[in-house]
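The basis for the numbers below is simple: all heavy atoms, side chains too, and nothing from hydrogens, waters or symmetry mates. Labels below follow one simple rule: chain letters A, B, ... track the order of the sequence lines, proteins then strands, and each chain is numbered from 1.
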Amino acid sequence: MAENRPFLDRCRDKPVGEQDKLAAEGKEFTVKFKVPENESITFDDRIKGTVTFNSSNIGGDFIIVRSDGGPVYNYIVIIDDTLMKVTHVIRGEDHLSNTPKQILIGRALGMNVPDYAHLPLILGQDKKKLSKRHGITSVDLYRQEGYLPEALMNYLGLLGWSTESGDEILSVDELVQQFDLAAVGKSAAVFDFVKLKWINANYLRRYSDSDATDMFIPYIKNAGFDISSIERRKLEEIVAAVRNSCEILSDITKLIGIFLNDVNEPDDETDHHLKEDYALDVIRAAHEIIGTLDESNVRQDLANMIKEKTQHKGKKLFHPMRGMLTGRLAGPDLDIAIPLIGYANIKQRIEYCFKRYC
RNA sequence: GUCCCCGUCGUCUAGGGGUCCAGGACUACGGGUUUUCAUCUCGUCAACAGGGGUUCGAAUCCCCUCGGGGAUGCCA
């Protein structure tokens, strides 16, 4: 365990001349602030209320100029704040303990200290201050994942604060209009990706199919899909079919393959499902029937003919069909998906499943 | 260690002495809609950290304990 007491400083009371001499000799040095003893430092924080420190226990003299000559930001910011005529300092609670040091510097310089508001911290799932090890912490990474700016701002605004009405989906304008520093809570909040995604999905659904398509395209390309040969109109239909299953833009990369690949390997869950007896019935029936159908009637007849042949309906009909045709158990409405996949691919996928499972 | 801040459902929160056997949202679970999934919709589960006070009355005020977080001689 390191020393808990303020470092014993031999130079604290050396006359100025002697310090200069040592410096001139080339000795490394830092400049420290001489903290007065037993002085009360109180300020009214806009969020935390009255906060009081005693100068004797803020850690002793602290360095304000590093040995390389650079100022220590943490403590001397108040000079910059004052020079810039900053009236309100709104920052994270992790700066609360630095505040008395800053105020001390301000006082020593005869400056007017600004008003402070210390926001509660945002925590990770482990309740520790949010940092890189909690995953995405830069706005750029949120963008890359496909979180919408308005959703992120909305979510962040709701951390430590809420509207009087209880409304939770708020545009930036509404946020600006309704936000009130006085209504901000004092306790830290855990960052919840699940709720962020829910909010994001809310905003995502507000866009038209056309706008949504524009937004999804970069994510689709980025995932390695070549969509250059697909007409815009069809692309929009594809997006319309899967957008409800997306919470963030990048989610589409898990679904788009349904339409763009020749065959989709069933994922584990689907694979397991397709081995059920009733699923095998469906695959066999589809295999028998598909040759008699074509592009014009596959959509309306495939399901009905399988139904007739197997006598399966509802969940036992559509679940296996979905698995067989898309490789997944969740996804777009089959009525919409089938024409978009196209007869040729449908046939191909049925044959693939027949070989694999029957 | 020391100082400072904080403590209502799993999570975000409302509530600031009676209207609170605590309200909303997310999640989870169940119902409805969808011949399937998602969407949508309805509903259910779930909390005042503990103990002392003050008071006719406390989630709300005070104290203690416990718990969590932050800061702490050269990161911003």
Side-chain angles (χ1 to χ4, degrees), chain A residues 1-9 28-33 41 45 47-49 51-77 91-101 118 120-123 125-129 155-169 183 185-199 201-202 205 241-247 251 255 270 282 303-304 306-307 312-323 325-326 328-335 337:
Chain A
M1 203 62 221
E3 273 292 318
N4 292 325
R5 249 174 283 127
F7 196 67
L8 175 66
D9 197 332
E28 278 217 337
F29 68 93
T30 62
V31 179
K32 288 186 172 181
F33 182 88
I41 307 162
D45 191 276
I47 292 170
K48 300 291 186 182
V51 182
T52 305
F53 290 84
N54 183 301
S55 64
S56 291
N57 50 37
I58 59 169
D61 295 349
F62 51 91
I63 293 175
I64 51 178
V65 178
R66 297 191 297 259
S67 52
D68 68 3
V72 178
Y73 166 88
N74 235 253
Y75 306 138
I76 56 81
V77 247
R91 46 156 51 160
E93 190 181 356
D94 48 344
H95 286 281
L96 198 56
S97 311
N98 295 145
T99 309
K101 296 179 184 177
H118 286 93
L121 258 22
I122 298 174
L123 277 21
Q125 298 296 342
D126 58 358
K127 308 254 182 164
K128 305 268 189 209
K129 182 163 78 163
Y155 177 69
L156 256 16
L158 255 23
L159 247 29
W161 175 79
S162 60
T163 57
E164 283 181 53
S165 62
D167 290 345
E168 301 205 284
I169 301 297
K186 295 180 179 182
S187 47
V190 173
F191 194 93
D192 183 10
F193 279 96
V194 175
K195 184 140 189 182
L196 204 212
K197 285 186 179 181
W198 175 79
I199 289 178
N202 265 280
R205 296 194 184 109
V242 296
R243 57 179 299 187
N244 266 352
S245 304
C246 297
E247 290 192 294
D251 280 343
L255 296 159
T270 310
V282 169
N304 285 333
I306 293 174
K307 181 180 176 185
H312 292 316
K313 57 180 179 179
K315 202 167 185 164
K316 287 193 169 179
L317 171 65
F318 279 83
H319 240 62
M321 274 188 70
R322 178 186 295 288
L325 264 23
T326 69
R328 315 191 84 243
L329 255 24
D333 194 287
L334 285 182
D335 233 28

Base, sugar-phosphate or nothing for [X]? Non-hydrogen atoms, less than 4.0 Å.
X        : answer
A:Lys316 : nothing
A:Asp68  : nothing
A:Phe62  : nothing
A:Leu334 : base
A:Lys307 : base
A:Gly331 : base
A:Ser245 : sugar-phosphate
A:His118 : nothing

Say we look at [N] and [M]: how far apart would their [atom1] atoms be, to the nearest angstrom?
N     : M     : atom1 : result
B:C29 : B:A46 : C1'   : 12 Å
B:G10 : B:G52 : C1'   : 30 Å
B:U2  : B:U60 : P     : 28 Å
B:G50 : B:A59 : C1'   : 14 Å

Choose from [options] the nucleotide whose nearest atom is closest to any side-chain atom of [X].
X       : options             : result
A:Asn98 : B:U36, B:A71, B:U27 : B:A71
A:Ile63 : B:C74, B:G70, B:U39 : B:C74
A:Asp94 : B:A71, B:U39, B:U27 : B:A71

Kindly check if the number of other-residue, nucleotide or ligand heavy atoms within 6.0 Å of CZ (A:Phe33) is above 12? yes

Would one find more than 12 heavy atoms of other residues, nucleotides or ligands at under 6.0 Å from atom NZ of A:Lys48? yes

Let me know, please, whether A:Glu247 or A:Arg205 comes out on the 5' side of the other along RNA chain B by nearest nucleotide. A:Glu247

By nearest-nucleotide position on RNA chain B, the 5'-leaning member of A:Gly166 and A:Gly314 is A:Gly166

Do A:Ile169 and A:Trp198 come within less than 4.5 Å of each other through their side chains, counting heavy atoms only? yes

Flag side-chain contact, heavy atom, 4.5 Å: A:Ser245 against A:Asp251: no

Partner residues of A:His319 under the ring-ring contact (aromatic ring centres under 6.0 Å, His included) criterion, sequence neighbours left out: A:His273

Taking A:Val194's backbone N and O only, do any of them form a donor-acceptor pair with A:Asp192's side chain (distance below 3.5 Å, no angle check)? yes

Taking every non-hydrogen atom, the tightest pair across A:Phe191 and A:Leu196: CZ-CD1, 4.1 Å

Value in whole Å for how far the [atom2] atom of [N] lies from [atom1] of [X]:
X        : N     : atom1 : atom2 : answer
A:Arg322 : B:U35 : CZ    : P     : 12 Å
A:Asp333 : B:U34 : CG    : C1'   : 8 Å
A:Phe33  : B:U72 : CZ    : C1'   : 17 Å

Is the base of B:G24 syn or anti, if syn means a glycosidic angle within 90° of 0? anti

For B:C74, does the base pair up with any side-chain atom of A:Ser67 as donor and acceptor (N or O, under 3.5 Å, distance only)? yes

Nearest 0.5 Å please: distance from the NE2 atom of A:His95 over to the CG atom of A:Leu121. 9.0 Å

Does the protein touch nucleotides 5-17 of chain B at the base, only the backbone, or not at all? Give it as B, S and - per nucleotide, heavy atoms under 4.0 Å. SSS---SSSS---

With a 3.5 angstrom cut-off on both distances, give the Watson-Crick or G-U wobble partner of B:G1, or none if there isn't one. B:U72

